[in-house]
S.K.: 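My structure is below; once you've seen it, I'll send some questions.
Chain letters run A, B, ... following the sequence lines, proteins first, then strands; residues in each count from 1. Source: prediction; values computed, not measured.
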Amino acid sequence: MNIQITQSPLSDAEKTTLSKVGYVAESERAATVVIADQEVRHISINDDQVEILPIAEALKKYVWVQELYFGLIDVNEAEEVQHLARSADTPVGHFIRVKAGAKLEQPIQSFCLLETPQVRQVLHNITVIEEGAQASVISGSSVADGVHTGQHTCLCETYLRERARCESLSIEQWAKDVDVMSYDRADVAKSAHCSSNKVMVSPVRNHCSRTSTTVGEDATAKDQSIVFAPQGTTRMMEGEIHLRGERAHAESLTRMVTAGGTIGNNAMLVGEADDTEGFLGCDGLKLTSDGEILSVPALRALSEKSQLSHEASVGMVSEEKLAYLESLGLTEDSANELIVQGFLNLKEQEMPAPVRETVKDMISAAKSGSM
Amino acid sequence: MSDNILKIRDLDVFAGETQVLRDVDLTIHPGEVHILLGPNGSGKSSLLQAIMGVPPFRVTKGDIRLNGRSICDLTPDQRAALGFGMAYQKPPEIDGVTLTALAHVMRADATFATEAAALDMADFAQREVNVGFSGGEIKRWEVLKLFLQNPQFLLFDEPESGVDLEHIAAVGAAIERLARSRTANGAKRAALVITHTGFILDYVKADTAHMMVDGRIIATGDPKEMFEQVKSNGYHAA
Ligand SMILES: Nc1ncnc2c1ncn2[C@@H]1O[C@H](COP(=O)(O)OP(=O)(O)OP(=O)(O)O)[C@@H](O)[C@H]1O
Ligand SMILES: [Mg+2]
């Protein structure tokens with residue numbers, strides 16, 4: 001089966017742009033959704049276990065989606081959010097639903113694209129992985145060729161229902177004068193498993209992200225982020241993980257590299273219920289005298305039967321590792337680059353090959369000062 | 001052969017504020033394999049690292065020369081370019097970098113494919129360099145690494161320690177094969193091998209042995225005789 005819900009096919013230029021952030025032929029994906037500027041440009045579905053609608057339609061079609069809309073994000077959280085919640089504009093964003101019990105064979109792919117210089121994109125996305133369903137989602141963000149200004153604000157609410165499993169990989173490749181504000185909330189219900197990987201290595205002017213995940217009874221949430229800040233880039237991340245149900249488990253690893261930009265990472269792990277377990281790992285590498293990394297991992301235990309730990313480090317590339325590679329004949333520059341590439345290598349989930357290449361290129365370019 | 005002679009003269013080396021080598025003299029000609037033995041902490045690894053130019057070792061007196069030219073001011077990659085390579089005793093882990101990826105940046109993909117099998121490391125292609133390697137696996141990788149690098153001057157720091165009996169023959173044979181082969185332009189290689197056990201002598205025909213105690217070379221002589229002497233008499237000059 002192959003249902004095309006939204007009309008306009010993607011142009012070759014759009015496909016080329018998106019391929020660097022994970023887009024592959026739609027025949028190899030369970031479903032595809034692309035939001036360009038301020039419209040849902042394209043949706044295609046290959047697997048009828050997946051439903052994708054523009055959020056405005058989903059709100060009309062399903063009464064229960066109204067409960068999910070601002071179900072996890074507090075409208076009073078920030079002025080900007082308040083403003084959006086009260087806005088009279090029709091909301092733009094995607095609604096993705098994976099039906100109960102579905103075991104998707106192929107990933108879902110989802111993209112947002114800034115196509116017009118100076119455009120302001122404001123999205124509200126809702127994703128629901130229903131009871132016992134298994135899905136993987138690859139999402140990418142990018143700008144069209146030549147566009148380097150714009151604003152992107154995104155509210156994402158993700159619901160993993162009981163026993164659901166979701167693996168996600170998100171890759172962003174904004175541009176040097178783009179400002180990004182993202183609010184990500186996830187609710188991982190009883191016995192569900194969520195694993196999320198984020199690649200944030202391209203230049204952007206300002207990226208503020210606020211994430212919060214609630215982990216239910218016997219549920220697991222794992223996340224890994226790789227963050228790179230070249231000169232001119234500021235990334236501020238605030239993350240919270242709440243181990244809310246008994247025996248909830250979470251592991252969060254963040255690897256940060258600055259080559260002149262600023263990175264702030266406030267990560268808080270809260271043990272709310274008995275027999276919960278959580279780990280925060282925050283490691284930073286500082287490559288040049290410019291730039292800054294502020295890493296603040298925090299643990300908060302509300303239950304005496306909660307086991308929480310963190311490891312954090314910030315430093316330069318180790319002299320010993322450099323010497324090891326140099327003694328193999330690599331120059332200092334290529335030894336450095338290899339170490340940074342390795343440091344920013346996602347462990348569990350393989351990055352699609354073109355994304356891996358993009359990441360490599362971005363790091364080399366930033367380090368050779370050509371960005 | 002008068003070409004590419006490594007000459008160490010009257011060498012003092014410090015690690016930070018600690019003196020680790022004193023008045024060391026050593027000459028190695030192409031085609032020769034030398035053994036370095038001595039008690040723990042005597043300065044053997046320090047000498048190899050000083051030759052390779054690895055921090056924190058600093059030459060404060062004397063010289064390390066290749067064909068009469070001092071290499072003390074050169075960086076490790078410049079020394080590697082002149083033909084030095086070292087199998088580490090305790091190498092660092094290189095997170096996120098697979099053996100395949102490293103072989104690739106060394107432009108040695110083909111060599112990796114053939115030599116990994118000889119050291120029973122074909123299954124390690126996608127493993128990260130030294131990450132989670134067992135003691136013996138580290139040693140096998142460090143030897144394999146020198147095949148990829150193909151240096152003329154081979155420095156081995158306890159290549160057999162921790163290697164199990166099945167693999168030790170492979171490691172010994174690999175060292176012998178590498179040490180006795182010629183470089184791409186037909187030159188003879190030379191090796192300096194640190195060993196506590198002398199086990200390596202079953203596989204590699206060594207020319208000379210040096211005994212190091214307290215940062216000094218206190219004796220030089222026939223390798224087998226020197227091991228016998230250490231067994232009966234400890235680390236003392238004959
Ligand atoms: N970075 C360092 N800073 C201070 N002292 C050091 C440093 N590295 C080595 N040393 C000291 O120098 C001395 C010689 O060390 P070295 O590693 O060369 O010994 P070794 O002969 O290789 O011993 P082993 O047989 O145990 O490997 C030791 O006392 C050691 O503690
Ligand atoms: Mg040693």
S.K.: Using only non-hydrogen atoms and a strict under-4.5 angstrom cutoff, which residues of residues 320-328 of chain A touch chain B?
M.R.: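 Listed by number: A:Glu320, A:Lys321, A:Ala323, A:Tyr324, A:Leu325, A:Glu326, A:Ser327, A:Leu328.
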S.K.: Report the C-alpha distance between B:Glu142 and B:Lys145 in whole Å, list the side-chain angles of each, state the deciding distance to 0.1 Å, and finish with yes or no for salt bridge (Lys or Arg N to Asp or Glu O under 4.0 Å).
M.R.: CA-CA 5 Å; B:Glu142 288 296 310; B:Lys145 184 188 90 174; 2.6 Å; yes
S.K.: Given the options B:Ala80, B:Pro56, B:Ala101, which has more heavy-atom pairs under 4.5 Å with chain A than any of the others?
M.R.: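 So the answer, after comparing B:Ala80, B:Pro56, B:Ala101, is B:Ala80.
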S.K.: Side chain from CB out, backbone as N, CA, C, O: work out which of these in B:Gln78 comes under 4.5 Å of a heavy atom of chain A, or both, or neither.
M.R.: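 Neither; nothing under 4.5 Å.
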S.K.: For chain A, which candidate among B:Glu93, B:Met86, B:Arg79 shows the most heavy-atom pairs at distances under 4.5 Å?
M.R.: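 It is B:Glu93.
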S.K.: Please examine the side chains of A:Asn266 and A:Met268, heavy atoms only from C-beta on, and report whether any two atoms are closer than 4.5 Å.
M.R.: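 When only atoms from C-beta onward are counted, A:Asn266 and A:Met268 do not touch, as no gap falls below 4.5 Å.
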S.K.: Check for a donor-acceptor pair, side chain of A:Glu172 on one end and backbone N or O of A:Gly140 on the other, with a separation under 3.5 Å.
M.R.: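 A pair under 3.5 Å: no.
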S.K.: Under 3.5 Å, is there a donor-acceptor pair between the side chain of B:Arg189 and the main chain of B:Leu178?
M.R.: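 Checking the backbone N and O of B:Leu178 against the side chain of B:Arg189, a donor-acceptor pair under 3.5 Å is found.
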S.K.: Examine whether an atom of B:Asn130 lies under 4.5 Å from a heavy atom of chain A, and if so say whether it belongs to the side chain, the backbone or both; otherwise answer neither.
M.R.: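 The side chain, not the backbone.
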S.K.: Check the orientation of B:Phe153 and B:Phe84. Use parallel for under 30°, tilted for 30 to 60°, and perpendicular for over 60°.
M.R.: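 Plane angle under 30°, so parallel.
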S.K.: Has A:Arg29 got a side-chain atom pairing as donor or acceptor with A:Val24's backbone, closer than 3.5 angstrom?
M.R.: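 Not at all, since once roles are kept as given, no pair shorter than 3.5 Å links the two residues.
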S.K.: Between A:Cys166 and A:Val137, is the side chain to side chain contact (heavy atoms under 4.5 Å, CB included) condition met? List the steps.
M.R.: CA-CA 7 Å; A:Cys166 183; A:Val137 181; 4.2 Å; yes
S.K.: Please tell me if the side chains of B:Thr98 and B:Val129 come closer than 4.5 Å, counting only heavy atoms from C-beta onward.
M.R.: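 No, every pair of side-chain atoms sits at 4.5 Å or beyond.
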S.K.: In terms of heavy-atom pairs under 4.5 Å with chain A, which of B:Thr75, B:Asp77, B:Ile94 leads?
M.R.: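 Option with the top pair count is B:Asp77.
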